[in-house]
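What follows is a single structure, written as structure tokens, with notes after it.
Naming: A, B, ... by sequence-line order, numbering from 1 per chain.
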There are 2 protein chains.
Amino acid sequence: MQISSRFTLAVHIITCMDTFKNDYKVTSDFLASSTNVNPVIIRRLLGQLKTAGLVEVARGSGGASVARPLDEITFLDIYKAVECVECGELFHFHENPNNKCPVGRNIHNILDDKLNRVQQAMENELSSITIADVIKDLDKYLV
Amino acid sequence: MQISSRFTLAVHIITCMDTFKNDYKVTSDFLASSTNVNPVIIRRLLGQLKTAGLVEVARGSGGASVARPLDEITFLDIYKAVECVECGELFHFHENPNNKCPVGRNIHNILDDKLNRVQQAMENELSSITIADVIKDLDKYLV
DNA sequence: TTCTGTTGTAACCATTGACAGTACAATGGG
DNA sequence: CCCATTGTACTGTCAATGGTTACAACAGAA
């Protein structure tokens with residue numbers, strides 16, 4: 001199973017928002033054009049990013065902008081903003097194991113800390129990468 | 001999005017296979033009873049684990065057994081066995097970004113190595129945990 | 001050989017989440 | 001008051017998951 005394309009899509013549009021902030025009004029249609037994704041999808045995504053405090057969106061007049069310094073927007077921030085975090089857990093348990101079985105009774109407890117370590121490892125790495133890194137790499141391609 | 005419950009389910013049944021190997025014939029029905037999951041689901045899962053060389057399943061006579069020393073079965077082995085690996089990539093890209101846009105044209109390249117680092121971090125942690133660790137923890141609960 | 005319990009699979013169904021697309025009311029600057 | 005734009009409701013398609021029934025293939029035991 002894969003992490004939904006909302007994540008890479010979000011990185012893409014935030015990068016766009018910064019890259020084109022001086023030359024264009026960055027609307028959902030503008031972003032839809034760069035990503036080749038339906039404008040409504042973009043708006044919904046912007047809504048999630050706004051809720052997370054990562055971007056600002058102008059109702060009425062239109063246009064979205066980044067709400068923080070680029071090096072303070074980590075991939076983890078974006079990941080948590082766009083992936084269903086109320087689920088929170090990366091790993092999914094089969095519910096209702098048999099309590100009469102010693103394995104079924106304890107498997108959840110035993111796995112919990114181990115799987116948390118895995119999730120932590122992933123999140124640590126995610127938090128070490130920021131949009132500033134993306135912009136820096138992008139500049140190389142634009143030379 | 002979550003990693004499918006096949007993963008935790010697989011850890012569960014492999015743990016069962018070892019725990020009960022001396023006292024029971026470990027059939028798909030037996031495993032279904034401990035996990036509270038349909039026997040057919042178990043058989044399909046056993047098929048994947050067998051293909052990966054982690055377990056052996058006896059046709060006809062019935063019963064499944066672990067095919068390797070427990071400390072040589074890592075969570076990564078199991079993860080790769082049961083998660084669609086032909087996909088391979090943890091992160092999913094929106095396809096067809098606009099090549100006329102400098103961001104759309106380069107975003108995939110820019111993100112690839114960064115996201116690979118994240119995936120690597122997760123897989124490293126997964127490969128550091130083995131079924132032997134699970135069994136060791138289980139023993140504590142059984143005292 | 002026949003009987004028996006089991007595996008491997010096919011076929012089908014229900015549910016869920018992702019992503020797409022249409023439509024339109026609400027918004028706020030010009 | 002316009003008008004471009006956002007926010008959101010509703011509908012639809014598609015793929016993956018997990019469940020269930022059914023049954024042929026299998027291998028050991030009687």
Whole-Å distance separating the CG atom of B:Leu46 from the P atom of C:dT9
12 Å

Are any of A:Lys50's side-chain N or O atoms less than 4.0 Å away from OP1 or OP2 of D:dG7?
yes

Starting from P on C:dT6, measure out to CG on B:Leu31 and report it in whole angstrom.
12 Å

So, for B:Ala32 and B:Val37, which heavy atoms are closest and what is the spacing to 0.1 Å?
CB-O, 3.0 Å

Whole angstrom value for the distance that separates P of D:dT6 from CD1 of A:Ile42
11 Å

Closest approach of A:Ile107 and A:Phe93, non-hydrogen atoms and distance?
O-CE2, 4.5 Å

Quick check on the helix from C:dT1-D:dA30 to C:dG30-D:dC1: what's the angle between its two end axes, five base pairs per end, to the nearest 10°?
10°

Below 4.0 Å: OP1/OP2 of D:dT6 and any side-chain N or O of A:Ser28
yes

Can you check the A:Lys25 NZ to D:dT6 C1' distance for me, whole Å?
11 Å

Distance in angstrom units between B:Leu45 CG and D:dT17 P, rounded
12 Å

Name all pairs fulfilling the salt bridge (charged side-chain N to carboxylate O under 4.0 Å, His left out) condition that reach into residues 9-24 of chain B, sequence neighbours left out, sorted by first residue then second.
B:Asp18-B:Lys21

List in chain and number order the residues that pass side-chain contact (heavy atoms from CB on, under 4.5 Å) with A:Pro102, two or more places apart in sequence or in another chain; answer none if no residue qualifies.
A:Arg105, B:Phe20, B:Leu142

Show me the pairs that pass ring pair (Phe, Tyr, Trp, His ring centres under 6.0 Å) and involve residues 116-143 of chain B, at least two apart or across chains.
none

In this structure, how many angstroms lie between the P atom of D:dG18 and the CD1 atom of B:Ile13, rounded?
13 Å

Residues 125-143 of chain B vs salt bridge (charged side-chain N to carboxylate O under 4.0 Å, His left out), sequence neighbours excluded, gives A:Lys114-B:Asp137, A:Arg117-B:Glu125, B:Asp137-B:Lys140

Tell me, please, which residues at least two apart from A:Asn38 pass side-chain contact (heavy atoms from CB on, under 4.5 Å).
A:Val40, A:Ile41

By side-chain contact (heavy atoms from CB on, under 4.5 Å) - contacts of B:Ser4 (at least two apart):
B:Arg6, B:Glu83

Rounded to whole Å, the CD-P distance (A:Glu56 to D:dG7) equals 12 Å

Apply side chain to side chain donor-acceptor pair (under 3.5 Å) to B:Asn116 and list each qualifying residue two or more places apart in sequence or on a separate chain.
none

Quickly work out the A:Phe93 CZ to D:dG18 P distance and round it to whole Å.
13 Å

Could you list all N or O pairs between the protein and nucleotides 18-27 of chain C that sit under 3.5 Å apart?
| residue | atom | partner | partner atom | Å |
| --- | --- | --- | --- | --- |
| C:dA18 | OP1 | A:Arg6 | NH2 | 3.3 |
| C:dC19 | OP1 | A:Ser5 | N | 3.0 |
| C:dC19 | OP1 | A:Ser5 | OG | 2.3 |
| C:dG21 | O6 | A:Arg44 | NH1 | 3.4 |
| C:dG21 | O6 | A:Arg44 | NH2 | 3.2 |
| C:dA26 | N3 | A:Arg59 | NH2 | 3.4 |

